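Working notes, structure below.
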Amino acid sequence: MKLTVVGCSGSFPSAESACSSYLVEADGFRLLLDMGNGALGELQRHCGLYDLDAIFLSHLHADHCIDMCAYFVARYYRHDGGRCDPIPVYGPEGTEHRLTTAYADTPTASSMSEVFDFHTVKPSTFEIGPFTVHTERVAHPVEAYGIRVEHGGTSLTYSGDTGISPALDELARDTDLFLCEAAFTHGKENIPDLHLNGREAGETATRAGARRLVLTHIPPWTDPQVNLADARAVFDGPVELAAPRQSYEI
Ligand SMILES: [Zn+2]
Ligand SMILES: [Zn+2]
């Protein structure tokens with residue numbers, strides 16, 4: 001399984017990175033986790049516009065899903081006059097309505113479903129192409145999911161956006177690569193059930209027994225080196241910062 005960071009900026013894009021978006025590939029299948037602001041442009045560095053096989057949206061905050069509006073245009077109004085076949089899109093309850101209204105004030109009711117095959121995510125285990133995925137509700141002000149992706153005996157766990165969450169501890173149990181948000185700074189911001197700081201991401205990785213920790217979703221106004229040091233202080237395994245265009249073989 002190969003993970004590529006398409007975008008990893010938290011809350012809004014930085015000069016260097018789009019917002020949340022991660023490409024997971026195995027057996028020629030391409031699953032995209034989130035498509036935040038700016039992700040569609042970056043994605044085209046890594047694969048063709050129409051090469052995605054499925055999309056998972058962790059939640060409906062703009063920094064995780066808003067480029068789906070741009071991707072709708074690319075799939076619905078192809079320059080050759082055709083229209084793309086629908087690809088599976090997994091998201092929380094209301095994903096189609098949210099994206100349709102974000103796209104236009106007076107949406108044509110079913111246009112999006114002509115190019116996206118929407119599936120409502122609940123806490124469960126299911127197959128996406130060659131992957132077995134597990135989803136769990138995490139601690140965020142809107143319905144939000146963490147996801148564990150398994151393939152060939154290895155696993156990747158992505159936190160989505162969350163505060164401290166026992167469900168995430170379980171989801172990331174013994175995972176090979178834990179892609180965990182660390183939007184806040186320890187000792188600075190402390191709002192429950194919103195985001196983790198670097199220390200809390202490290203503590204979550206320790207409780208879960210994760211083998212490797214990659215910190216992500218750090219906003220441009222947060223010093224990533226502080227969060228990296230805070231995570232390293234409480235997690236014994238390898239820790240690094242996500243960076244755009246970085247790839248991992250898992
Ligand atoms: Zn976010
Ligand atoms: Zn969010």
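In each ligand, atom 1 is the first atom listed, and ligand 1 is the first ligand listed. These figures come from a predicted structure and were not determined experimentally.
Annotation: the span from Thr157 atom OG1 to Glu136 atom CD amounts to 11.0 Å, rounded to 0.5 Å.
Judged by a 6.0 Å distance limit and a 45° cone about the ring axis, Arg211 is not positioned over the six-membered ring of Phe178. In this structure, Arg207 forms no cation-pi arrangement with Phe235, as its terminal cationic atom is not both closer than 6.0 Å to the ring centre and no more than 45° off the ring axis.
Restricting Asp63 to its N/O/S atoms, the shortest distance to the Zn ion (ligand 1) is reached by OD2. Taking the Zn ion (ligand 2) as reference, the nearest N/O/S atom within Asp161 carries the name OD2.
Take the Zn ion (ligand 2) as the corner point: the lines to ND1 of His61 and to NE2 of His140 open at 90°, to the nearest 10 degrees.
In the hydrophobic clustering of ILVMFWY residues, with side-chain heavy atoms under 4.5 Å counting as a link, Ile55 and Val24 come out apart. In terms of hydrophobic clustering, with Ile, Leu, Val, Met, Phe, Trp and Tyr side chains grouped at heavy-atom distances under 4.5 Å, Leu156 and Tyr90 are assigned to a common cluster.
The Zn ion (ligand 1) has His217 among its coordinating residues (N/O/S atom, backbone or side chain, under 2.8 Å). Residue His64 counts as close to the Zn ion (ligand 1), with an N, O or S atom under 2.8 Å. For the Zn ion (ligand 2), the N/O/S atoms of His195 include none lying under 2.8 Å.
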